[in-house]
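Source: prediction; values computed, not measured.
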Amino acid sequence: LLAALPYLIGFHPRDSLLFIAFGGSSGRRIELTQRVDLPRADDAGAVCGALAANTLRVSPAGVAVVVVGGDRAVAGGVPVGAPPPLAELAEVAEATLTARGVPVQSRTWAAGTDAGAAWACYDECGCRGAVPDEGTTPFAATAVAAGLVARADREELEKLVAPTTAGRLRRRARMLTRAIDTGQDMDTGSTGHALVENALADAAAGRLCLDDARVVALALALSDLEVRDAAVARSAGADADAAEHLWAALVREMPDPEAAEPAALLA
């Protein structure tokens, strides 16, 4: 499970609290994975409460609680007989889930999720070990075959949606304002679907070009609920890779608040 976490959330977590909810007919299907930065002690109850409330949406058979990092002094491993770091946080997490009737399947600490990182169990069994090389696990092999990527950290993931230059965004914001003021956004429904379809086709073919005019046109198109709903449907199945590429590019290239539309589609 620890080696699988980077593929479940898209990056190797650092100093994180994770709730992994299991369910399905077997009780072993991963239904929901949540990650937050390690909360301060006085915020732990509220943070765990919010995570636990979310797990109820998937009617979980149980939840695995994982704490990553938090104590550089024990990065090489927890001494025999000593509890893993942040045991109080693990206890709050368990109590919060149990109070909502959700079984806690495991409570685990890990120094990281890279191969060889030390891990230890908070439970009385006291089991411990080293995270396996992700390339040797069946889950990782399946994830890679499905096109999933495990990035080095959250910052690397953030770069995928880092805004373009401020001057370019201001220019496009002015163009959008003029288009809306002159009523150009009133006819987006008739052409919006075609604009999105063409952009998806270009993204799939590796020839996506987003100049000012196209970004503005797509921003107006995605402001139409019908166009955006259709775009949601195109974000699954055979079009998923092209859609992810297009939405991420538009988040970078579109000014606020219009960037919220492709950001929601990317999410």
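Partners of Asp153 by side chain to side chain donor-acceptor pair (under 3.5 Å), not counting sequence neighbours: none found. Applying the salt bridge (charged side-chain N to carboxylate O under 4.0 Å, His left out) criterion to Glu91, with sequence neighbours excluded, gives no partner residue. Looking at residues two or more places apart in sequence or on another chain, you find no side chain to side chain donor-acceptor pair (under 3.5 Å) involving Thr96. Taking Asp123 as the reference, Arg107 meet the salt bridge (charged side-chain N to carboxylate O under 4.0 Å, His left out) condition, with sequence neighbours excluded. Scored by the side chain to side chain donor-acceptor pair (under 3.5 Å) test, Glu158 finds Arg154 as partners (sequence neighbours excluded). Scored by the salt bridge (charged side-chain N to carboxylate O under 4.0 Å, His left out) test, Arg28 finds no partners at all (sequence neighbours excluded). Thr137 pairs by the side chain to side chain donor-acceptor pair (under 3.5 Å) definition with nothing, not counting sequence neighbours. Here Arg207 pairs with Asp202 under the salt bridge (charged side-chain N to carboxylate O under 4.0 Å, His left out) rule; sequence neighbours left out.
A donor-acceptor contact shorter than 3.5 Å links the side chain of Asp224 to the backbone of Val227. Asn198 contributes a side-chain N or O that, together with a main-chain N or O of Ala194, makes up a donor-acceptor pair within less than 3.5 Å. In this structure, Asp15 contributes its side chain and Gly70 its backbone to a donor-acceptor pair below 3.5 Å. Looking at Glu31, its side chain does come within 3.5 Å of a backbone N or O of Gly24 through a donor-acceptor pair.
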Open item on the list: Between Leu250 and Leu246, does the side-chain contact (heavy atoms from CB on, under 4.5 Å) criterion hold? Intermediate values first, please.
Closed with: CA-CA 6 Å; Leu250 287 177; Leu246 175 60; 4.0 Å; yes
Open item on the list: Determine whether Asp229 and Arg234 satisfy the following criterion, salt bridge (Lys or Arg N to Asp or Glu O under 4.0 Å), listing intermediate values before the conclusion.
Closed with: CA-CA 9 Å; Asp229 286 351; Arg234 295 298 303 273; over 6 Å; no
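Using a 4.0 Å cut-off between charged side-chain N and carboxylate O, Arg40 and Asp43 make a salt bridge. Electrostatic pairing of Arg14 and Asp114 counts as a salt bridge here, judged by a charged N lying under 4.0 Å from a carboxylate O.
Of all non-hydrogen atoms in Val92 and Cys48, the two that sit nearest each other are CG1-SG, 4.1 Å. Closest approach of Arg35 to Pro13, counting heavy atoms only: CD-CB, 4.2 Å. Across all their heavy atoms, Leu222 and Ala231 have their closest contact at CD2-CB, 4.4 Å. When every heavy atom of Thr55 is checked against every heavy atom of Phe19, the shortest pair comes out as CG2-CD2, 4.3 Å.
Under a 4.5 Å side-chain heavy-atom cut-off, the cluster of Ile, Leu, Val, Met, Phe, Trp and Tyr residues that includes Val131 is completed by Leu1, Leu2, Leu5, Tyr7, Leu8, Ile9, Phe11, Leu18, Ile20, Phe22, Ile30, Val66, Val68, Trp119, Phe139, Val144, Leu148, Leu157, Leu160. Residues Leu32 make up the rest of the hydrophobic cluster containing Val58, defined by ILVMFWY side-chain heavy atoms closer than 4.5 Å, directly or through other members.
Counting heavy atoms from C-beta on, the side chains of Asp133 and Thr136 come closer than 4.5 Å.
Sequence neighbours left out, the pairs with a member in residues 249-261 that pass side-chain hydrogen bond (donor to acceptor under 3.5 Å, both in side chains) are Arg168-Glu253, Arg172-Glu253, Arg228-Glu261. Counting only residues at least two apart or in different chains, side-chain hydrogen bond (donor to acceptor under 3.5 Å, both in side chains) contacts with residues 241-250 comprise Ser235-Trp247.
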